[in-house]
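As the structure lists them, so they are numbered: ligands from 1, and atoms in each ligand from 1.
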Amino acid sequence: MKENIVKRFKEVFGAEGDIRTFFAPGRVNLIGEHTDYNGGHVFPCALTIGTYAAVCRREDRKLRFYSMNFEASGVYESSLDDLKPAKEAGWTNYPKGVMWAFEQKGFSIPCGLDLMLYGNIPNGSGLSSSASVEVMTGYILKCLFGFDVTLQDIALIGQYAENNFNGVNCGIMDQFAIAMGKKENAIFLDTSDLSYEYAPILLKNAKIVISCSNKKRGLGDSKYNERRSECEEALAQLKTVVDIQSLGELDEEQFDRYQDAIKREVCRRRAKHAVYENQRTLKAVEALKANDVEQFGRLMNDSHVSLRDDYEVTGIELDTLVEEAWKTEGVIGSRMTGAGFGGCTVSIVKDEAVDAFIRQVGGAYRKKIGYDADFYVVDIGDGPSEI
Ligand code: GLA
């Protein structure tokens, strides 16, 4: 990959300077969905698929961007003196947002850049291609200009850019999972204080299979912000009867006791998901530690039901993939992953069942939805690196 991207870099930018190359992973969340902005726990892992970059410093303050995934769009030009979000700027709003965020945090970027990207994460699939680009940009700025930031700082700056430059009120999960990724490990992160622990995912005789619905998210971002504000409304009303700072502080029994304080039924369901999902995540990590993968799988299934019925972020495409997976022999657990509204599901499938899984779920999906899903058997990889 490195050779291809450097070759294309030279063709497109004609640059002969010191071209450096980087990689940042995508991520998949195993359990703990829509809990990260509710002070709960998440359990994601970085993947070995992600975004590759080639980059070279410039003498001036110009920024030139090119994506090998969108060759038809050509070179997009901007400047360090014009770091504003623009609809027509497409994906370049992500690296620009991170540069803007570094400047906001007091790091002055000394010169412009030529930046070429190539991603092998399916776009808009819920595997965090955008957070991958954000963390990559932060990592590049750190390496090129010696900025004194940790990987965790890069995650926080990426989230800051997403929230304040790109207008998506996301939590910290994606950027954190990507920046802090560790081969063969998931990250058990408490989003209330960012304490975390690595948990080895050594699946004996099973694989992680991602099924991509190929339904683009579209309205997803506005729906995402809507879910977040419904949770905030529920929390404000719960606070009138119980002393909490976030939904993540409640367990199921406490939620059931206090839930009548939440006036709108829809907000009660949203909050119920956030509370129960957080507790499921704690139980899932316990199950994994006890080597009980079957129980982990059952909790994944319960997570999907809650995201479908109470949080309402699945839709017919994700439900079809998951419900077909549940019917398939050798599937330990299956659920949607990421924000929802399209995107991907994650399944744990026994080795010998993977081929049949892809055939069966793929066939049923095409029949019901009318177009193909894509399947990826994935490995858990490290965070960003220079390659
Ligand atoms: C998106 C957001 C994350 C998280 C998930 C849902 O991926 O970026 O912060 O909220 O949705 O769990």
Taking only Lys NZ, Arg NE, NH1 and NH2, and the carboxylate oxygens of Asp or Glu, determine whether Lys367 and Glu324 approach each other closer than 4.0 Å.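 Result for this pair is no, no salt bridge flagged.
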
Using a 3.5 Å distance criterion without hydrogens, assess whether the side chain of Ser213 forms a donor-acceptor pair with backbone atoms of Gly343.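 Yes, the answer is positive, given that a donor and an acceptor are paired below the 3.5 Å cut-off.
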
Within the distance-only criterion (no hydrogens, no angle test), does the side chain of Asn163 pair as donor or acceptor with the backbone N or O of Cys170 below 3.5 angstrom? yes

Take Tyr196 and Gln152 through the side-chain contact (heavy atoms from CB on, under 4.5 Å) test and state the conclusion after the steps. CA-CA 11 Å; Tyr196 66 96; Gln152 190 165 316; 4.1 Å; yes

If you measure from atom 12 (O) of ligand 1 to every heavy atom of Gln159, Arg27, Glu33, which option wins on shortest distance? Glu33

Within the 4.0 Å heavy-atom shell around [X], which atoms of ligand 1 are there?
X: Ala339; answer: 1 (C), 7 (O), 11 (O)
X: Gly338; answer: 6 (C), 11 (O)
X: His34; answer: 6 (C), 12 (O)

N or O contact, [X] vs ligand 1, cut-off under 3.5 Å:
X: Tyr224; result: yes
X: Asn29; result: no
X: Asp174; result: yes
X: Gly171; result: yes

Please work out which of the three classes, parallel, tilted or perpendicular, describes the rings of Tyr311 and His273, given edges at 30° and 60°.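 Ring orientation of His273 relative to Tyr311: tilted.
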
Which is it for Lys350 and Asn205 under the side-chain contact (heavy atoms from CB on, under 4.5 Å) test, yes or no, and what are the steps along the way? CA-CA 6 Å; Lys350 290 195 176 143; Asn205 316 321; 6.0 Å; no

